[in-house]
Amino acid sequence: MTGILLLLATSVLLAWPLGLYLARVMRGAPMRIDPLFHWIEKPLYRLLGVDPAHGMSWRGYVGAFVLSNVVIALLTMAVFMTQAWLPLNPDGIANLRWDTALHTMVSFLTNTNQQHYSGQAQLSYLSQMTGITGLQVVTPMMGLALAVATLRALFAPPRQDVVAEGDRRIDVGNYHADVLRLCVRFMLPLCLLWTVLLASQGVPSTFAAGPQATPMDATAGMQEQKIPLGPVAAMVAAKQLGANGGGWYGPNSAFPLENPTALSNALELVGILLIPIAIIFMIGSFTGRRRFGWLVLGCMASMSVVSIAATVWLEGHSPTAASALLMEGKEVRLGSDATALWAAVTTQVSNGSVNGMLDSMSPMASAVALVNMLVSAIWGGIGCGLQQFIVYLLLGVFLAGLMTGRTPELLGRKLETPQVRLLALLVLLQPITLLTLTAITLAVPGLSGTSNPGFHGISQVFYEYASAYANNGSGFEGLGDNTPWWNLTCSLVLLLGRFPLLVVPLVIAAQLAAKRRAPESPGTLQIETPTFALTLLSVIVILTVLQFLPVLVLGPVADHLSLGLH
């Protein structure tokens, strides 16, 4: 328990100054390190034909975001489909099948990293470095750029250019400048630092082909075994810091080469939490509303503590945990507490990597992991987590306005029918998508590919879709998911869980910013109070736990009760 508290405290202490630095980067404030980065940024601006000082409306910002995703998608798909003929393929790995290539491309494009393949066996070094690690650096920064643009529209006083009579264009920043500054000044330096630290612990970092080894136990009939290597440390650094997940190796950080020591395990855990928490510390400094930053931090930290405590207790200290069967799938080098902590953190942050098998967790601990992903705002993914929290915030404002008999308003701007319709779209999209596809997959024989036909099989299917929608990427192993059905349906869920969540809050924020601001009065709703924080947490519980209660009861709860009967 002491180790858990130390890791969490370290993450918060490192995230605080990092968040303040991030706020200065996104404000474009002058810094002493500017000359170091200008010689990298200016040629890239010229290459892209971008003027970083030229602001964009929300339409221009979203258009640039979509276009950049389309270009990256086409390039990544081309690499996956032709990797057998490209360089940096010393192990002679074949091209990916079209549906696997499509799912992998969409998965990493959406910062999800859901893997229906085994990286060390099905991807070349070039594919891992460009289509995987490259996207793990860029796509989280794209999400963060959208979240920052939303904050500009909601809180910072935006510049308003009169385009026509009665029409005002709200400047939310320059998309290309935001993403480039985040990558060059923030993400890449952190990845470089974490790569060196992980390599010092023995995580491979080489372009050489893997060596051949002779197994000590010859009874399995295997005369020799190829040990897969590669530039693993850089990929692991990017996957953890960018809330990406996945892994160079199929078992992720349960594989000794990807996570060889207790220190590497701690580094990767801190890496998972570092940037999502730093973003929360960024909010107060960036918007000038520090009390709002503390509101977000308090709500997210409260949910995080409850989630971690429940998972650790259920996995290592509850009556159910006394069964020796629960150690199946656990990483015995690290112990049940470390596995439980990782499972809680990785599903809170939309990271998705594992250091043990989630399929082997106790049913109620897996239920906690599911709830973490359904909430998707307990820290959440980089950018996505903050956007999801803003959705809950707007819903809380709307409901509080109804309960007090006033027109809902946020910061003096009225929340009216167009904004509520967009919020309703996001609220309904999640259950319709997840429950419909789960029902079809379970109803049609041969589609699910579950390794367990009982209640646990329901959990396997629902978890796969919930993980895809939450941009998480983790999964219950034992699911035969590398099929056209799973690859195509999960690709759809990945897209639906990513782009509407990033774009719709920005649209709502821009619409609110264009409205005339009413002066505050004694009846104005104060959102930066403990009372509103409790209201907000209640909204989150109602929208996630209650609307998914039937599938949670049919899955993990029934699984838990059936184990008790036996």
query = Nearest heavy-atom pair of Glu464 and Cys490: which atoms, and what distance?
reply = CG-SG, 4.0 Å
ask   = Side-chain contact, heavy-atom cut-off 4.5 Å: Gln387 with Leu426?
value = no
query = Given side chains that start at C-beta, do those of Ile170 and Trp58 come closer than 4.5 Å, heavy atoms only?
reply = no
key: Check: Asn472/Asn351 side-chain N/O donor and acceptor closer than 3.5 Å   = no
query = Is there a donor-acceptor contact under 3.5 Å from the side chain of Thr436 to the main chain of Ile432?
reply = yes
message = Quick check: closest heavy atoms across Cys384 and Leu502, and the distance to 0.1 Å?
response = SG-CD2, 3.8 Å
request  = Mind telling me whether Trp294 and Phe281 have parallel, tilted or perpendicular rings, with 30° and 60° as the class edges?
outcome  = perpendicular
query = Under the 3.5 angstrom rule, does the side chain of Gln348 hit a backbone N or O of Ile378 as a donor-acceptor pair?
reply = no
request  = Evaluate the side chain to side chain contact (heavy atoms under 4.5 Å, CB included) criterion for residues Leu341 and Thr311: first the C-alpha distance (whole Å), next the side-chain angles of each, then the deciding distance (0.1 Å), finally the verdict.
outcome  = CA-CA 7 Å; Leu341 173 63; Thr311 307; over 6 Å; no
Over all atoms of both residues, closest heavy-atom pair of Val312 and Ala340 = CA-CB, 3.8 Å
query = Does Arg24 use its side chain to pair, donor to acceptor, with the backbone of Ala29 at less than 3.5 Å?
reply = no
ask   = Is Leu386 close to Ile283 at the side-chain level, that is, under 4.5 Å between some pair of heavy atoms?
value = yes
inquiry  = Tell me if the aromatic rings of Tyr465 and Trp486 count as close, with their centers under 6.0 Å from one another.
reply    = yes
inquiry  = With a 3.5 Å distance limit and no angle check, can you tell me whether Ser304 reaches the backbone of Met300 through a side-chain donor-acceptor pair?
reply    = no
ask   = For Trp485, does the CH2 atom have more than 12 heavy-atom neighbours from other residues, nucleotides or ligands under 6.0 Å away?
value = yes
request  = Pick out which of Val138, Asn244, Leu144 makes a side chain to side chain contact (heavy atoms under 4.5 Å, CB included) with Asn111.
outcome  = Asn244
ask   = Would you say Gln419 and Lys515 make side-chain contact, with heavy atoms under 4.5 Å?
value = yes
ask   = Quick check: does any side chain N or O of Thr112 sit under 3.5 Å from a backbone N or O of Gln114, one acting as donor and the other as acceptor?
value = no
key: Inter-residue atom distance Leu549.CG - Leu554.CG, 0.5 Å rounding   = 9.5 Å
task = Indicate yes or no: at least one non-hydrogen side-chain atom of Glu416 is less than 4.5 angstrom from one of Gln511.
result = no
note = Heavy atoms of Tyr392 and Val375 approach each other most closely as OH-O, 2.9 Å
task = Report yes if the side chains of Leu18 and Leu190 come closer than 4.5 Å at any heavy-atom pair, otherwise no.
result = yes
note = One should read off an interatomic distance between Ile275 CD1 and Ile280 CD1, to the nearest 0.5 angstrom, of 12.5 Å
ask   = Do any N or O atoms from the side chain of Gln430 and from the backbone of Leu374 form a donor-acceptor pair under 3.5 angstrom?
value = yes
request  = Show your reasoning for whether side chain to side chain donor-acceptor pair (under 3.5 Å) applies to Glu315 and Ser336.
outcome  = CA-CA 6 Å; Glu315 280 299 288; Ser336 61; over 6 Å; no
query = Any donor-acceptor pair under 3.5 Å linking the side chain of Thr441 with the backbone of Leu447?
reply = no
message = Taking Val106's backbone N and O only, do any of them form a donor-acceptor pair with Thr110's side chain (distance below 3.5 Å, no angle check)?
response = yes
query = Nearest 0.5 Å, what's the OG1-CG distance between Thr433 and Leu428?
reply = 10.0 Å
request  = Decide yes or no on side chain to side chain donor-acceptor pair (under 3.5 Å) for Ser107 and Asn113, but give the supporting numbers first.
outcome  = CA-CA 5 Å; Ser107 179; Asn113 298 199; 5.1 Å; no
Minimal non-hydrogen separation, Gly356 against Thr339, with atom names = CA-CG2, 4.1 Å
message = Return the CG to CE distance between Leu182 and Met187, rounded to the nearest 0.5 Å.
response = 10.5 Å
ask   = Do Ser376 and Tyr469 have side-chain atoms, one donor and one acceptor, less than 3.5 Å apart?
value = no
Check: Phe499 ring centre within less than 6.0 Å of Phe65 ring centre = yes
key: Value rounded to 0.5 Å, distance of CG in Leu399 from CG in Leu536   = 10.0 Å
ask   = Within a strict 4.5 Å, meaning less than it, do heavy atoms of the Ile272 and Glu268 side chains meet?
value = no
ask   = To the nearest 0.5 Å, what is the distance between OG (Ser366) and OH (Tyr463)?
value = 8.0 Å
message = Quick check: do Thr489 and Ile440 have side-chain heavy atoms less than 4.5 Å from each other?
response = no
request  = May I ask you to check whether over 12 heavy atoms, not counting those of Phe455, lie within 6.0 Å of atom CZ?
outcome  = no
remark   = Between Ser253 and Lys239, the two heavy atoms sitting closest are OG-NZ, 3.4 Å
